[in-house]
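The sequence lines fix the lettering, A, B, ..., with proteins before strands; numbering per chain opens at 1.
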Amino acid sequence: AAGVIQSPRHLIKEKRETATLKCYPIPRHDTVYWYQQGPGQDPQFLISFYEKMQSDKGSIPDRFSAQQFSDYHSELNMSSLELGDSALYFCASSSSREGTLGQYFGPGTRLTVT
Amino acid sequence: AQSVTQLGSHVSVSEGALVLLRCNYSSSVPPYLFWYVQYPNQGLQLLLKYTSAATLVKGINGFEAEFKKSETSFHLTKPSAHMSDAAEYFCAVNTRDDKIIFGKGTRLHILP
């Protein structure tokens with residue numbers, strides 16, 4: 001079965017650079033969630049989208065923005081990167097009918113800021 | 001607000017022994033609860049979830065968890081540990097606005 005796809009899987013950036021992370025949800029899933037997991041930490045909710053509209057916002061820095069496109073894929077844009085942004089970024093998708101009960105996680109993008 | 005507390009950031013069990021990972025929840029409404037496993041350098045995999053149906057929930061890889069409202073607990077168990085069970089385990093709860101809040105995680109070590 002198709003799973004959530006995230007690209008790239010690994011990304012190395014320098015401080016103050018920008019990064020774009022992409023998430024391709026499971027077919028027919030219309031809701032996307034983004035989480036950040038720092039080293040040795042639990043995943044923290046950043047932001048979610050339903051039908052291309054932001055549905056909820058968590059602890060996402062102002063330097064970050066995200067959007068969902070007409071094909072339901074989502075991109076997380078990160079600017080003015082800081083060392084503390086080094087983390088594993090997960091995307092998850094679900095159908096609006098199931099919400100978090102039917103949430104499936106992608107493999108994550110590991111971002112390293114040097 | 002909904003939250004979960006995992007007791008023990010590290011748990012070590014011998015291969016073949018019972019695995020017990022503890023999770024207590026706090027929720028003002030009947031919660032949905034989850035257990036996820038994360039192997040090194042990999043993503044989150046759902047082990048099982050409680051959705052207010054049966055209180056004993058069976059998951060993948062021989063794991064199960066029992067929802068106990070009186071104890072506000074959702075402990076994860078497996079009768080016999082395998083070396084391949086070594087991983088980080090996260091208990092999680094969903095919020096009223098439908099996002100998942102994770103516990104701090106418990107790293108399970110399997111001793112040969």
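Among residues 100-112 of chain B, the residues having any heavy atom closer than 4.5 Å to a heavy atom of chain A are, in sequence order, B/Ile100, B/Phe102, B/Gly103, B/Lys104. Chain B is approached within less than 4.5 Å, heavy atom to heavy atom, by no residue from residues 4-32 of chain A. By a heavy-atom distance cut of under 4.5 Å, not one residue of residues 64-72 of chain B is near chain A.
Options B/Gln45, B/Gln38, B/Glu88 differ in how many heavy-atom pairs under 4.5 Å they form with chain A, and the most are formed by B/Gln38. For the set A/Gln41, A/Gln44, A/Gln103, the entry with the most heavy-atom pairs within less than 4.5 Å of chain B is A/Gln103.
Of all the heavy atoms in A/Phe45 and B/Lys99, the pair that sits closest is CD2-CD, 3.0 Å. A/Ala66 approaches A/Ile47 most closely through the heavy-atom pair CB-CG2, 4.1 Å. Across every non-hydrogen atom of B/Tyr39 and B/Ser84, the tightest pair is CE2-O, 3.4 Å. Scanning all heavy atoms of the two residues, the minimum distance from B/Pro31 to B/Val93 falls at CB-CG2, 3.8 Å.
Side chain to side chain, A/Tyr33 and A/Ser94 meet the donor-acceptor criterion of an N or O pair below 3.5 Å. A/Ser74 and A/Trp34 share a side-chain donor-acceptor pair at under 3.5 Å.
The neighbour count for B/Met83 CE, taken as heavy atoms of other residues, nucleotides or ligands under 6.0 Å away, is above 12. Remark: A/Lys57 NZ is loosely packed, at most 12 non-hydrogen atoms of other residues, nucleotides or ligands lying under 6.0 Å away. Residue-environment remark: CG (A/Asp62) stays at or below the threshold of 12 foreign heavy atoms within 6.0 Å.
Identified under the ring-ring contact (aromatic ring centres under 6.0 Å, His included) test for residues 75-100 of chain B, with sequence neighbours left out: B/Phe63-B/Tyr89.
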**Item:** Criterion side chain to side chain donor-acceptor pair (under 3.5 Å) on A/Gln54 and A/Gln68, from CA distance to verdict
**Value:** CA-CA 8 Å; A/Gln54 180 182 308; A/Gln68 185 180 33; over 6 Å; no
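Annotation: side chain of B/Tyr50 is not in contact with side chain of B/Trp35 (no heavy-atom distance under 4.5 Å). Using a 4.5 Å heavy-atom cutoff, the side chains of B/Leu33 and B/Leu48 are not in contact.
Within the 4.5 angstrom heavy-atom criterion, atoms from both the backbone and the side chain of A/Thr100 approach chain B.
With A/Tyr35 as the fixed residue, the ring pair (Phe, Tyr, Trp, His ring centres under 6.0 Å) test singles out one of A/Tyr89, A/Phe90, A/Phe105: A/Phe105.
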